[in-house]
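This one's a predicted model, so the numbers in the text were calculated from it and none came from an experiment.
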There are 4 protein chains.
Amino acid sequence: MSSVIGNKIKLSVFGESHGEAIGCVIDGLPCGIKLDFDEIKREMARRAPGNDKTATARRESDTPIVLSGVLNDRTTGAPLAMEIKNTNTRSGDYGNLMSVPRPSHSDYPAYIKYHGNNDVRGGGHFSGRLTAPIVFAGAVAKQILKEKGIVIGAHISRIGSACDDHFNKNTICEAELDAVTHKQFAVINDAVEAEMRACVEAARIKGDSVGGSIECAAVGLPVGLGGNMFDTIESRLSAALFGIPAVKGVQFGAGFGFAEMLGSEANDGYEIRNGRVALLSNNNGGVLGGMSSGAPVVFSVALKPTPSISIPQKSVNLQTMENETLVVKGRHDPCVVPRAVPVIEGITAVTLLDLMM
Amino acid sequence: MSSVIGNKIKLSVFGESHGEAIGCVIDGLPCGIKLDFDEIKREMARRAPGNDKTATARRESDTPIVLSGVLNDRTTGAPLAMEIKNTNTRSGDYGNLMSVPRPSHSDYPAYIKYHGNNDVRGGGHFSGRLTAPIVFAGAVAKQILKEKGIVIGAHISRIGSACDDHFNKNTICEAELDAVTHKQFAVINDAVEAEMRACVEAARIKGDSVGGSIECAAVGLPVGLGGNMFDTIESRLSAALFGIPAVKGVQFGAGFGFAEMLGSEANDGYEIRNGRVALLSNNNGGVLGGMSSGAPVVFSVALKPTPSISIPQKSVNLQTMENETLVVKGRHDPCVVPRAVPVIEGITAVTLLDLMM
Amino acid sequence: MSSVIGNKIKLSVFGESHGEAIGCVIDGLPCGIKLDFDEIKREMARRAPGNDKTATARRESDTPIVLSGVLNDRTTGAPLAMEIKNTNTRSGDYGNLMSVPRPSHSDYPAYIKYHGNNDVRGGGHFSGRLTAPIVFAGAVAKQILKEKGIVIGAHISRIGSACDDHFNKNTICEAELDAVTHKQFAVINDAVEAEMRACVEAARIKGDSVGGSIECAAVGLPVGLGGNMFDTIESRLSAALFGIPAVKGVQFGAGFGFAEMLGSEANDGYEIRNGRVALLSNNNGGVLGGMSSGAPVVFSVALKPTPSISIPQKSVNLQTMENETLVVKGRHDPCVVPRAVPVIEGITAVTLLDLMM
Amino acid sequence: MSSVIGNKIKLSVFGESHGEAIGCVIDGLPCGIKLDFDEIKREMARRAPGNDKTATARRESDTPIVLSGVLNDRTTGAPLAMEIKNTNTRSGDYGNLMSVPRPSHSDYPAYIKYHGNNDVRGGGHFSGRLTAPIVFAGAVAKQILKEKGIVIGAHISRIGSACDDHFNKNTICEAELDAVTHKQFAVINDAVEAEMRACVEAARIKGDSVGGSIECAAVGLPVGLGGNMFDTIESRLSAALFGIPAVKGVQFGAGFGFAEMLGSEANDGYEIRNGRVALLSNNNGGVLGGMSSGAPVVFSVALKPTPSISIPQKSVNLQTMENETLVVKGRHDPCVVPRAVPVIEGITAVTLLDLMM
């Protein structure tokens, strides 16, 4: 039972959607790092709702208040604690969730596990809102990684039937990552934006939702990063990524595509290029034997459609133990994928920084 | 840098392919558990090579010697240590790997990370042979889980172009899992065995290899198992699964299929069945909010083709920093998927037991 | 580099003496526990300064604000986050500490470790003020332990030359522990209070400080609590206790007195008493082989005199690298022992709760 | 329930006194370290019994067999596994321990905790014999620390009424530590050896045992080593030290002596010496705010008398629940202190190496 992750950098996330505040403590940060709080705010704005029809109409203030660990904009080496006060909540919308669990949401197992004691308002600790502190921590981690030459970026690779181009796994570079992460709508091929938006809008109009996938890359990692067997880049990143609500799949490089490949197609050969070892392809997504190969680390995550839809669904009443049709009220994202992009980047940054320490 | 995994059950794996011995220490096992060593041997035989053309011609003895933690076939509560002596190694086959890294293998990043000090013979600590202790630990964990009504089973879902049927995610039961795990060739639909074998044989004849995927299920888990955010079933299982050599993707339930789905298609509704809450479908693979939903936990892993192929490959000489064509000698599995089935089950069992403690 | 402790109950402490706030996150608490916030306030008041001449004249508000993890006074099972806003600070008093380290304080090694980036105002993250969140966490843990029949209490066993009576290690009971922990000045023998106060007052008048020791007991633990070798009651408690500023020694039962004893004197025999196994003595302080023996767990901690004294001391200027006489200004406790009593109890409660989970 | 310790260097100890083997796995060692196995053997011989009347007449072979992690005498970076086969055991001696627990030994709580499943022969996993792998791991760690200029040494500071001189806390140096650790009987003042031996012999003749204490020092640590709050040198060392059987107290520097001191006596002033910051005294035992101050790290541990004495003792029969007089048979050390010296050094070395990584 733990909302804490990391070895040397320990991220402890707290809060409930409609409680007093959400936030995090980041333990183990190096001292003396100058933080650019405008950049942190920019990252948090990428995740914030209310700017766009693809997202919920709720407006969250999402203003992070630093409680400790920073003095004169520099890290002090003490734990960096941050809180975001909760405002603008409409608890009444969630009144019936205690007894009638929303399909595909945490409601039912949480009800059994917590015997009805968990805060169900807005999803409580399971709310997607808890990803805001992760974006904050990620924004901090990114700035420290940037000083080491490591840059992370992600884009929406798919929403429903609409697919973006893929990163070129072997040549993706800092400039391309910067470009896509500064877009309002994070796709490589801008032509696909309209199609994706249409896909989300179609779902929204029907009171439905739609899933998608995100592709993420990290460039600049030193060769050999990552530990033995269970402390590898893949083990550590996947554990962190599956901590993000809605993530249901993680694959590195060719991932599930490997199942159809021959070794002669899949293997990434080497050559000497400019006096250095270089890879001829990057089907392995930059990770060999759990360690970085020097090629960009590239992986994809699958995100399921938002479970909260306003279409009537079959559920049960846990009090009466009778079948019941559920109509979920409240304001919900018809598609979480666009807002999840900085979250995926953020948890990736925190994890890679931990491995780098 | 860690070959240790787990919180309450800590599995520490040691050994190098051509060293004195490989083995493991399992710390935190409950005491008084009667172990069936014939069953453990049966599990280890499922992974052992040399029985089948799909696998390497090497014969490994793979006889586990228990060093501590068991008295009169019962666990004592002290750490259970086990070793397997290494025999039948042909170190000469690997003489040139130090300077010319095998594509898609750990060789190159390991060379950089360990500055040439790692034992490269047979892959050293990165060898697939290190999965034998995991199967042992998994066989122990399975017996403890069985007493709690939890059963785990896996099958080869794909090799190259040949696909097995899928588990019915919502109805898969202990009897079906037992059946498939007792087959010589672990597929649900026996008709597909010939096709898969042909796929492997075709690769073997060309000196090539082929990838695949494995589907695994666990039934009998209590509702609500799994912790908050980063200590969930999905985070814990994926971290463990990516510790297995060749695993490049992990997805739960519909996994990457969710990207194309609407919420109304994806959501798993509830109904009252025989006075209990039951799910109408199991696209979430038995995990909601990171916790078990009561439906079977079902996930797939992607395995890349064995990197070691005898077809000439482009590589480099790390001493001379010149391009070099590599022809990998030695005996290698043209496809690791069949032998990986009990490994996937084993690490799943160890991880679920840890969560259950 | 970690202000996080615990396995199943993870306590993450944050804050700096003169920063925005101090606080903690307690991850892994069981859900549904009714918390008595008046009792928590009473515990925090025991540690709070400003009531007594033995302590600093500073007044800290020390009002804990719960941010998450509690709903309607019950734990929700989500991380319990708490903050205490910092007020009433006089930063000017600490202006010269950056360059001239206070003897016996963390200043010098912190200066080297953090390269001058750490917040030195009031001791920053090293301040004794950071024990307030520990008392809060301890007060929560005590209430959960109480439901399991476990009660913890401590008293001032020594200040300078003045010594209190000792707990009877074998018969100390809940009522006696409750009695001493509800006293304004926590001694068993009230007659010693005046002597101890005189000792502190004598130091205070001279601008000096004085050390002491605290004896702590926990009753009601089940026999066999505590793990193997490195996860024992003694290992876990000592690690936690040495995390408290000023603690320089920890001993269980006879502790250093064992060095002079024969086995025949030291051994704690057994007898059957009222049909149950009972100990004839408790020199081992309730811990055998790292596990609870059923007798009360009894241990002592040594606390050094407050390093901050106003008597001129020999120090150095880290900028000029010249010798310099230091006169510490500011308001400081001439003796931290009385205020440390609830802190020792608190960290003990958190640690035992973690072992009990 | 864990015989595993460490963060970056994870030491996993396994084995039972009369089982197949005892040993350890050391995970996370740096690669490429040349190990001097003669020196390792010398360290293990310091702990081995049978050489001396102060110790048991048993002879243990104690020959460590390296199973993995070393190639051509250099560490490979993979886990270093080691086993010592058990020989020369006389299990019959322990036949009655299951039902009649030895006072002050782990027998009774272990019986309750393990429900009679633990291996009681020779103490099983609680046996002092399990310190042999710790000495091995310590010998490895010492060699790595030595390359970093860090040297550890300990001596018998007290046995019963006989006391050795103390280390000069502020001036103790590598040469003095080397000298005392190469003595057959590790005391600073050789004149005290006869008195200590007489003390042990007197106990032995009566079938009794005697306690003592050990003082240990580490020189050469960088200033600022050790983490925040709960990851400090004191927390980490004490947790490790209390994992050693018989240890009942740990104090740093003046330790419990601080209770009687004034701040003006206790504080360690600074001066500039040869252009560097130096301490005028070292009452803090080289640790300030949990971090190394640059002065030697000096601490003492108290060891209780061996619980196994042949003098009749009051115990109970756990089967019949009646009082019973126990006469412990078997060969036991009348005093474990001399043999514990390299164990204390060893676990100190492992812990400091972990902090240094």
Original post:
Do His125(B) and Ser68(D) pass the side-chain contact (heavy atoms from CB on, under 4.5 Å) test, and can you show the C-alpha distance, the side-chain angles, and the key distance before you say yes or no?
Top reply: CA-CA 9 Å; His125(B) 189 58; Ser68(D) 66; over 6 Å; no
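- Listed here is the closest heavy atom pair of Arg121(B) and Leu71(D): NH2-CD1, 3.3 Å.
- Here the side chain of Glu16(D) pairs no donor or acceptor atom with the backbone of Ala78(B) at under 3.5 angstrom.
- The closest side-chain heavy-atom distance from Ser2(D) to Lys10(B) is below 4.5 Å.
- Contact count versus chain D (heavy atoms, under 4.5 Å) is highest, among Gly116(B), Gly19(B), Gly32(B), for Gly32(B).
- In terms of heavy-atom pairs under 4.5 Å with chain B, the best-connected choice from Gly23(D), Ala110(D), Gly124(D), Gly69(D) is Gly69(D).
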**OP:** Show your reasoning for whether side-chain contact (heavy atoms from CB on, under 4.5 Å) applies to Leu67(D) and Glu83(B).
**Re:** CA-CA 9 Å; Leu67(D) 302 177; Glu83(B) 68 176 343; 3.5 Å; yes
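- A distance-only check finds no donor-acceptor pair linking the side chain of Asn117(D) to the backbone of Thr76(B) [under 3.5 Å].
- Looking at Val25(D), only its side chain comes within 4.5 Å of chain B, counting heavy atoms on both sides.
- Distance check, rounded to the nearest 0.5 Å: CZ of Phe14(B) to CG of Asp27(D) gives 12.0 Å.
- For Lys34(D), the NZ atom is densely surrounded, since the number of other residues' heavy atoms within 6.0 Å is greater than 12.
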